[in-house]
Amino acid sequence: MSRLRIYGIARTRAFRALWVAKEIGLDYEHVPIEIGDAGACKAEYLAVNPNGRLPAIEDDGFVLWESLAITLYLAKKHSSGRLYPLDLRDEAKCWQWSLWALNEVDRGVNIWSLHAIRLPPADRDPQKLAEALKVIAKPFAVLDEAFADRPYLLGNEFTVADLNVAAVISRAIDMDLSATPRLAAWLGRCLERPAAREALRLKAESDAASPPDAIRLIARINRL
Ligand SMILES: N[C@@H](CCC(=O)N[C@@H](CS)C(=O)NCC(=O)O)C(=O)O
């Protein structure tokens, strides 16, 4: 049996943990549980993550939740000096970009993708869509500028900083990104990596298998 278990259907933020596991080439067991009463709110999962949110991992008995804590932990544990930088300042930059992604763009991109694409047309709210685009415009300009003199966030190499930010905004690949061309090119480069493509395939499959009511539940339960 694999020592690493990843909880959460790939359509959720579990995608981030699946991507890093594939990027490193880890052997893992995927437990594709659903959000809410169908899975994440059941007592069995609440014992793993008392927040009732996805994802979480169990690594040889060690439990961890919060998607980007998971990616940072797995990258540091298995890919120090490659995905996870050895230098303290580079490491701090990985934390900086990861916290930035969660605080500045995670919610806005989610609201955008639900109200632009994923919800049935009758459930979409153009005002929420416009507000989300307004909220992410400034941080997207900051991200675009970060690539003025480098192909990846820390320099010439793809690191967990890129993985985390690209995973958080992955659904923005369907957005009009013409105002931020460097961001668009970088996001394309990140999502074309073989590991990202495999994780995206799982995500697309679980998106496709989610009926409209499941998407409505996502919007309601996450207040998006
Ligand atoms: N900050 C958390 C957010 C986790 C989260 O909200 N996950 C969603 C699925 S993508 C969820 O479980 N929502 C259900 C709920 O909030 O009850 C993380 O990045 O892991």
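In this text the structure is predicted, and so the values were computed from the model without any measurement. All values below come from the heavy atoms of this structure, side chains included, with hydrogens, waters and symmetry mates left out.
The two residues V20 and L74 make their nearest non-hydrogen contact at CG1-CD1, 3.8 Å. The shortest heavy-atom contact between N49 and A56 is CB-CB, 4.2 Å. Between A10 and S206 the shortest heavy-atom distance is C-OG, 3.6 Å. Closest of all the heavy-atom pairs between D90 and P85 is CB-CB, 3.4 Å. Residues A69 and L64 come closest through the heavy atom pair O-CD2, 3.6 Å. Considering all non-hydrogen atoms of both residues, A14 and P55 come closest at CA-CB, 3.6 Å.
Under the 4.5 Å side-chain heavy-atom criterion for grouping Ile, Leu, Val, Met, Phe, Trp and Tyr, L154 is not connected to W95 through any hydrophobic cluster. One hydrophobic cluster, built from ILVMFWY side chains closer than 4.5 Å, holds both V48 and I33. In terms of hydrophobic clustering, with Ile, Leu, Val, Met, Phe, Trp and Tyr side chains grouped at heavy-atom distances under 4.5 Å, L26 and V160 are assigned to different clusters.
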Under the side-chain contact (heavy atoms from CB on, under 4.5 Å) criterion, do L163 and C190 qualify, and how do the steps go? CA-CA 7 Å; L163 187 148; C190 293; over 6 Å; no
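Atom CD of E66 is separated from atom CG of L72 by 11.0 Å, given to the nearest 0.5 angstrom. Within the model, atoms CZ of R220 and CD1 of I215 stand 13.0 Å from one another, a figure rounded to the nearest 0.5 Å. Here the OG1-CG distance, from T71 to L18, works out to 11.5 Å after rounding to the nearest 0.5 Å. To the nearest 0.5 angstrom, I57 atom CD1 is 13.0 Å from E29 atom CD. Here OG of S67 is found 12.0 Å from CD1 of I6. Values are rounded to the nearest 0.5 Å. Atom CG of L83 is separated from atom CD of E23 by 5.5 Å, given to the nearest 0.5 angstrom.
Remark: the K77 side chain and the Y84 side chain contain no N/O donor-acceptor pair separated by less than 3.5 Å. Side-chain N/O atoms of Y7 and R5 include a donor and acceptor closer than 3.5 Å. Judged by distance alone, the side chains of K203 and T12 never bring a donor and an acceptor atom under 3.5 Å apart.
Inter-residue side-chain proximity for R118 and D207 is flagged as met; some heavy-atom pair is nearer than 4.5 Å. In this structure, the side chains of L143 and V165 come closer than 4.5 Å at one or more pairs of heavy atoms. Put simply, the side chain of L153 does not reach to within 4.5 Å of the side chain of F158, judged on heavy atoms. Using a 4.5 Å heavy-atom threshold, the side chains of W112 and D174 count as touching. At least one side-chain heavy atom of W19 sits less than 4.5 Å from a side-chain heavy atom of L191. At least one side-chain heavy atom of R107 sits less than 4.5 Å from a side-chain heavy atom of L224. Contact check for I9 versus I35: no side-chain heavy atoms found under the 4.5 Å cut-off. Proximity of L99 to L68: side-chain heavy atoms (C-beta onward) are nowhere separated by under 4.5 Å.
The closest donor-acceptor contact from the side chain of R182 to the backbone of D144 lies under 3.5 Å. Between the side chain of N51 and the main chain of R53, no donor-acceptor pair closer than 3.5 Å is present. Between the side chain of H78 and the backbone N or O of A21 there is no donor-acceptor pair closer than 3.5 Å. Of the possible polar contacts, one joining the S98 side chain to the C94 backbone as a donor-acceptor pair under 3.5 Å is found.
Comment: R193 does not engage D162 in a salt bridge, judged by the lack of any side-chain N to carboxylate O separation of less than 4.0 angstrom. In summary, R11 and E34 engage in a salt bridge, as defined by a charged side-chain N under 4.0 Å from a carboxylate O. Salt bridge annotation for D27-R3: absent, with no cationic side-chain nitrogen under 4.0 angstrom from a carboxylate oxygen. For D106 and R16, the salt-bridge test passes: some basic side-chain N is under 4.0 Å from an acidic carboxylate O.
The number of heavy-atom neighbours closer than 6.0 Å to NZ of K22, taken from other residues, nucleotides and ligands shown, is above 12. For R150, the CZ atom is densely surrounded, since the number of other residues' heavy atoms within 6.0 Å is greater than 12. Other residues, nucleotides and ligands contribute over 12 non-hydrogen atoms within 6.0 Å of the CG atom of D60. Sparse packing is recorded around CD of E157, with 12 or fewer heavy atoms of other residues, nucleotides or ligands lying under 6.0 Å away.
The list of salt bridge (charged side-chain N to carboxylate O under 4.0 Å, His left out) pairs with a residue in residues 120-138, not counting sequence neighbours, reads D123-R216.
In terms of the ring pair (Phe, Tyr, Trp, His ring centres under 6.0 Å) criterion, W65 has no residue partners (sequence neighbours excluded). When the salt bridge (charged side-chain N to carboxylate O under 4.0 Å, His left out) test is applied to K42, no partner is found at least two apart in sequence or on another chain.
When ring centroids are compared, F147 and Y152 stay outside the 6.0 Å threshold.
The aromatic rings of W97 and W100 lie perpendicular to each other, with more than 60° between the two planes, well past the 30° mark.
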